[in-house]
Amino acid sequence: MHLTDRIQQVVVTVSFAFCVIGSMIGVGIFGGTPIASAAGGALAADATLIAPASPAFSVWTVVYLGLAGYTVLQWFPTAASADRQRSLRIPVAGTMLLNAVWILVVQAGWLWVSVAVIAALLALLSRVLVILMRSRASGLLERLLVGGSLGVYLGWVCVATAANVAAALTSSGFDGAGIDPAWWAVAVLVAVGGVGVALAVRSKGRVAVAAAIAWGLAWIAVARWDGAPHSVPTAVAAGAAAVVVLGVALSLRVRAATSAV
């Protein structure tokens with residue numbers, strides 16, 4: 001194994017530790033303010049029409065467990081010098097660092113800076129998807145811990161980016177420029193659904209990505225249907241987008257499985 005491999009393994013491990021510390025701050029441990037209450041509550045479930053209901057954020061448990069598994073997996077002798085892992089380690093480490101930085105920026109109340117950070121995170125996760133598409137997993141464990149968890153990570157961040165932008169705009173006083181905010185929300189959700197469909201096509205139906213996007217969209221629908229601010233058009237658009245994204249991904253998987261027979 002090359003020295004470079006060892007350095008990369010250490011970088012991933014340190015980045016994961018930093019990510020965990022950031023997440024602890026983000027839930028109120030270590031003196032931090034819970035994200036829903038930080039930045040004046042701009043990211044709370046009832047702050048904007050694009051905000052998902054609180055249960056949606058349980059997806060982070062899946063993401064963090066997956067990142068923990070990946071951090072351990074990349075130390076395995078079989079993975080240590082694998083070309084796939086050499087390509088993935090630094091980008092994945094970068095996503096973990098950006099995740100923690102995003103939390104710290106939100107804690108400081110810098111919402112527009114947080115938009116820039118989450119946009120960089122989305123771009124880096126998209127790069128990770130490209131790497132995953134260009135290589136094959138060595139087995140089921142790698143498919144779950146690498147392809148699965150990173151796919152969920154990417155899908156969720158797609159939705160979170162839209163919610164983050166909406167929070168920054170709302171906190172800056174944007175009121176729709178004469179257009180009903182509900183229709184702005186519908187337009188954003190159509191865009192998120194379009195991104196989800198594009199990712200499904202580009203990734204040849206990776207269900208983890210689509211499922212995470214659909215999860216976030218579904219909880220936006222729940223929040224707007226049952227909670228405040230109430231908006232039937234937003235709820236319907238979010239629910240429809242969730243069904244379309246997941247449906248396209250599943251149909252692509254079925255088609256691929258059928259053609260392989």
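Keep in mind that the numbers below use all heavy atoms, side chains included, and drop hydrogens, waters and symmetry copies.
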Using every non-hydrogen atom in the two residues, find where Ala218 and Ala242 come nearest and quote the distance to one decimal. N-CB, 4.1 Å
Given 3.5 Å as the limit, does a donor-acceptor pair link the side chain of Gln8 with the main chain of Ile90, or not? no
To the nearest 0.5 Å, what is the distance between OG1 (Thr4) and CD (Gln9)? 11.0 Å
Could you tell me which residues satisfy ring pair (Phe, Tyr, Trp, His ring centres under 6.0 Å) with Phe174, sequence neighbours excluded, listed by chain and number? Trp184
Between Ser135 and Asp83: side-chain donor-acceptor atoms closer than 3.5 Å: no
Under 3.5 Å: donor-acceptor pair, side chain of Arg206, backbone of Ala200: no
Between Ile220 and Leu49 the two heavy atoms that sit nearest each other are CG2-O, 3.8 Å
Let me confirm one number: the CD1-CH2 distance from Ile35 to Trp60, rounded to the nearest 0.5 Å. 10.0 Å
Are Val159 and Trp219 side-chain neighbours, meaning at least one heavy-atom pair lies under 4.5 Å? no
Flag the pair Arg89 / Val11 as yes when at least one side-chain heavy-atom distance between them is below 4.5 Å, and no otherwise. no
Please identify which of these residues, Arg86, Gln85, Gln74, meets the side-chain hydrogen bond (donor to acceptor under 3.5 Å, both in side chains) condition with Asp5. Arg86
Between Ala221 and Ala238, what is the shortest heavy-atom contact and its length? N-CB, 3.7 Å
Can you tell if the side chain of Leu129 reaches within under 4.5 Å of the side chain of Ser126, non-hydrogen atoms only? no
On a heavy-atom basis, which atom in Ser15 and which in Leu97 lie closest, and how many Å separate them? OG-CG, 3.7 Å
Would you say the side-chain atoms of Ser171 pair up with the backbone N or O of Ala168, donor to acceptor, closer than 3.5 Å? yes
Heavy-atom check, side chain of Phe16 versus side chain of Tyr70, under 4.5 Å: no
Using a 4.5 Å cut-off on heavy atoms from C-beta on, say whether the side chain of Val12 contacts that of Met96. yes
With the side chain counted from C-beta on, respond yes when Leu154 and Val128 share a heavy-atom pair under 4.5 Å apart, and no when they do not. no
Decide yes or no for Val157 and Trp102: does some side-chain heavy atom of the first lie under 4.5 Å from some side-chain heavy atom of the second? no
So, the side chain of Tyr153 versus the backbone of Thr95: is there a donor-acceptor pair under 3.5 Å, distance only? yes
Is the number of heavy atoms from other residues, nucleotides or ligands under 6.0 Å of Trp225 CH2 greater than 12? no
